[in-house]
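Working notes, beginning with the structure itself.
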Amino acid sequence: MIKIDKLCKSYGDNTVLDELCLSVQAGSIFGLLGPNGAGKTTLISILNGLTNYDSGDVLFFGLPLSSHLTEIRQRCSLIPQSLAFYENLSVIENLNFFAGVQKIKGQQRNNNIDYAIEINSLNSMLKQKSGTLSGGQKRRLNIAIGLLNNPDVLFFDEPTVGIDPQSRNEILTTIQQFKADNKAVLYTSHYMPEIEKICDQVAIINAGKIIKQGDISSMLATNGGQVTIELYETEKQYLKTCCSLCPQLSIIAPTTLLLAVNDADSIHHVLQLLAQQSVKVKQINYATTNLESLFINLTSEGR
Amino acid sequence: MFKAMLIKEFQLVSRDKHALAALFIMPCVFILIMSLALKDVFNEQKAMMSLLVLDQANNSHSVQLLSDLEKNSVINTERLQQVEANVDRLGKQFLLTIPEGYGEQSDVILQAQVAADVTQNMLLLFNAQIMQIVVQKKLIDVNTQLSDVALKIGMPTPEVIEFSQHKIINSHYSLLADNQKPTSTQQSVPSWIVFGLFFVIIPMSTIFINERKQNTLMRLSAMNITIPVLFAGKIIPYLFINQLQVWLMIAVGVFVVPYFGADALTIGDSLLALIALSFSLSLAAIGLSILIATSVDSIEQGTTIGGILNILLGAIGGIMVPKFVMPAFMQDLANISPMSWGLEGYLELFLRQGGFAEIINEMVALTSFGVITLIIAAIIFKIKMRKIA
């Protein structure tokens with residue numbers, strides 16, 4: 001559905017996207033992770049035709065974005081992070097407006113609106129003013145508006161910000177439904193558990209480059225287990241020394257080191273090192289890698 | 001697409017109570033108040049000046065003068081029974097003292113105290129009225145003396161010298177019929193129509209800035225809505241809203257103002273010219289409003305800057321103070337205000353019975369202003385949307 005090849009974008013001397021490559025298939029949910037300023041929002045803006053790019057190829061359904069923007073937009077939809085609708089209009093008035101501006105008419109319009117209402121459970125609040133909805137309901141309306149043109153591609157920019165866990169789960173369930181409907185979904189979030197829950201593929205982006213990409217299970221398996229070594233408060237001056245002596249170590253907390261390892265020898269080597277330096281260890285934990293630790297490991301300053 | 005945008009805009013405006021009050025209620029109330037407040041300014045049968053008279057002479061001359069003053073329609077005369085130090089404390093404009101010996105001794109002249117808020121023009125008019133009354137009395141005396149002398153020497157009775165306006169000069173409003181006169185309503189309604197139209201800045205900036213802040217505009221851009229379409233979706237509904245304002249205010253002038261005792265508004269013969277001028281003025285108001293809405297970063301900025309700009313343009317343009325009372329350089333300065341162009345256009349139609357030919361310059365100026373402000377607004381909007389993306 002989406003194929004991006006060596007995409008570059010700069011603002012003056014600041015390179016925001018640096019030869020970025022990825023592809024998103026139909027019937028999949030692709031997660032995009034990265035720290036603030038990594039380039040996620042710029043990528044989403046480029047893919048929606050809101051920002052130009054400097055070089056590279058961006059194809060939607062085999063069509064170049066630069067020359068088929070209008071046509072591509074008719075098959076795509078952006079669900080922005082902000083609640084982009086009119087709070088003084090009711091739910092149904094908002095849906096009618098956004099359907100109208102996209103020139104969706106007749107029976108198709110009714111069908112699309114009904115689908116958007118149904119899948120987002122908005123039936124009981126159609127005549128309610130949008131500004132009076134709860135946070136979760138507003139998020140669902142935001143998504144419903146994005147479904148009005150029955151898009152093949154959906155861009156979700158942190159769609160669950162600021163809502164309670166129950167509402168979040170409901171929204172994630174809805175998004176998983178799109179995969180079943182053979183849509184392609186590009187999903188950005190800072191909340192790792194939801195990425196792990198719904199995404200098939202993930203790309204971790206940092207400083208405009210993709211530093212890790214693939215399906216989540218393979219990425220976690222490749223990166224194996226991890227050891228966290230917590231030191232006493234009095235020993236924290238040794239953290240940087242340890243990292244300089246052992247490149248596999250990174251600092252993840254004021255008194256905690258992370259060893260992303262997949263073999264016993266590395267663990268043994270690190271423990272020997274700590275003993276040689278007479279560093280007092282408070283606690284050692286071993287766990288399988290999760291996405292959050294992998295993300296921190298790949299993007300932290302300790303590397 | 002346009003239908004959806006028009007419906008949305010009408011829905012949003014109709015639910016903004018403050019905007020409705022500013023657009024419809026405020027200008028209508030202004031028209032009513034100003035028409036009633038100024039109705040006697042144009043009424044030649046109504047006294048314009050308040051005068052207190054203290055008669056210290058108590059002779060036939062002072063009695064005659066008092067009687068003539070009380071018959072004068074321009075001055076509302078009351079008698080004062082005792083000496084008062086200051087006319088300002090008495091709530092009147094003039095205090096005339098007829099000193100002892102008035103009319104009997106040639107060096108005794110009338111003394112007038114003038115209140116601080118009396119303008120120079122008003123003072124000139126008062127002095128002229130007093131002079132006219134006194135000179136008229138003296139002419140009557142001269143006529144009487146001439147008749148007596150003529151009788152004594154056996155000469156024919158000389159022609160009576162009269163000092164009345166209708167025997168000296170005939171003045172009429174060149175563009176009005178003989179029995180037609182300008183009224184406060186004709187002067188007030190155009191001013192407040194123009195002022196009221198420019199208040200679309202309030203709802204327009206509120207809605208526009210909210211759309212920008214909530215990224216609704218960004219969402220619309222991603223839905224293939226271009227800047228011209230976005231702007232047209234705002235211009236068209238507000239053109240209609242402005243026309244509703246115009247005709248509501250005209251209706252107040254025609255039907256409501258007379259109910260309170262002032263003259264009814266007459267709108268002249270050229271209805272098409274009136275409609276065309278209203279649309280041109282509306283475009284100018286909407287263009288300026290969109291320019292402000294795209295330039296500012298918050299609703300508070302929009303309403304503050306829009307409000308201040310409206311008042312300044314109104315003051316400069318002759319809305320609050322008529323141009324003809326301004327000094328020459330201020331009258332020239334008024335020409336920079338689009339409100340002045342609109343006001344001149346309406347005065348041409350309502351007051352001077354003009355048509356299309358007489359208002360073409362104003363229409364071109366207003367339309368050009370609207371187009372130029374919209375182009376600048378589009379450029380600013382495009383730059384800002386790029387920064388957000």
Side-chain angles (χ1 to χ4, degrees), chain A residues 9 11 16 41-53 68-90 92-105 109 129-131 138 141-143 145-146 148-149 151 153-155 157, chain B residues 1-21 202-237 293 297-299 381-389:
Chain A
K9 171 70 182 176
Y11 291 106
V16 180
T41 304
T42 303
L43 177 62
I44 298 278
S45 293
I46 288 171
L47 296 178
N48 281 277
L50 298 171
T51 307
N52 293 329
Y53 54 95
H68 291 78
L69 178 61
T70 303
E71 192 182 334
I72 288 167
R73 273 175 168 170
Q74 287 168 352
R75 296 175 64 182
C76 296
S77 191
L78 170 66
I79 290 94
Q81 182 179 344
S82 54
L83 297 168
F85 50 77
Y86 296 93
E87 294 211 333
N88 280 341
L89 300 185
S90 67
I92 192 65
E93 285 169 346
N94 267 294
L95 293 172
N96 280 326
F97 167 69
F98 283 103
V101 295
Q102 294 180 89
K103 300 181 193 171
I104 304 166
K105 295 177 191 172
R109 175 196 176 110
K129 219 165 159 186
S130 306
K138 286 181 181 177
L141 173 58
N142 208 30
I143 294 170
I145 292 168
L148 291 172
N149 61 333
V153 177
L154 288 142
F155 299 99
D157 190 5
Chain B
M1 182 203 301
F2 269 125
K3 185 181 165 189
M5 298 185 88
L6 295 184
I7 292 171
K8 179 261 292 182
E9 214 66 42
F10 278 123
Q11 284 170 330
L12 290 174
V13 171
S14 67
R15 289 167 200 185
D16 187 344
K17 295 187 185 96
H18 299 113
L20 290 175
I202 293 173
M204 194 168 264
S205 62
T206 304
I207 293 168
F208 208 92
I209 292 163
N210 270 334
E211 284 176 325
R212 219 169 65 216
K213 285 174 80 170
Q214 290 178 293
N215 280 331
T216 315
L217 289 180
M218 185 193 71
R219 187 168 220 165
L220 290 172
S221 294
M223 289 177 176
N224 283 327
I225 308 297
T226 58
I227 292 175
V229 168
L230 197 69
F231 277 21
K234 296 221 172 276
I235 293 169
I236 296 171
D297 293 320
S298 69
I299 294 168
F381 179 71
K382 197 168 182 180
I383 293 169
K384 287 200 166 184
M385 287 303 289
R386 272 205 202 124
K387 283 185 184 168
I388 294 169

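Quick note on labels: first sequence line is chain A, next is B, and so on, each numbered from 1.
In this structure, B/Q11 and A/Y86 have side chains that are not in contact, with every pair of non-hydrogen atoms separated by 4.5 Å or more.
Listed options B/I207, B/N210, B/T216, B/N224 were ranked by heavy-atom pairs under 4.5 angstrom with chain A; first place goes to B/N224. Contact tally against chain A (heavy-atom pairs below 4.5 Å) for B/L217, B/I225, B/L220, B/I7: the top residue is B/L220. The choice from A/T70, A/N48, A/N96 that makes the most heavy-atom pairs within less than 4.5 Å of chain B is A/T70.
Using a 4.5 Å cut-off between heavy atoms, A/I79 contacts chain B through both its backbone and its side chain. Heavy atoms closer than 4.5 Å to chain B are found nowhere in A/Q81, neither backbone nor side chain. At a 4.5 Å heavy-atom cutoff, the contact between A/F97 and chain B is made by backbone and side-chain atoms alike.
Residue A/P80 comes nearest to B/M218 through the heavy atom pair CB-CE, 3.8 Å, listed as atom of the first residue, atom of the second, then distance. When all heavy atoms of A/L89 and B/K8 are compared, the closest pair comes out as CD1-CG, 3.9 Å. Looking at every heavy atom in both residues, B/Q214 comes nearest to A/S82 through O-OG, 3.2 Å.
Here the CG-CZ distance, from A/L83 to B/R219, works out to 9.0 Å after rounding to the nearest 0.5 Å. Rounding to the nearest 0.5 Å places NZ of A/K105 at 10.0 Å from NZ of B/K3.
Among the candidates A/I145, A/L148, A/L78, the single residue satisfying the side chain to side chain contact (heavy atoms under 4.5 Å, CB included) test with B/M223 is A/I145.
Applying the 6.0 Å contact sphere to CG of A/N52 captures no more than 12 heavy atoms from other residues, nucleotides or ligands.
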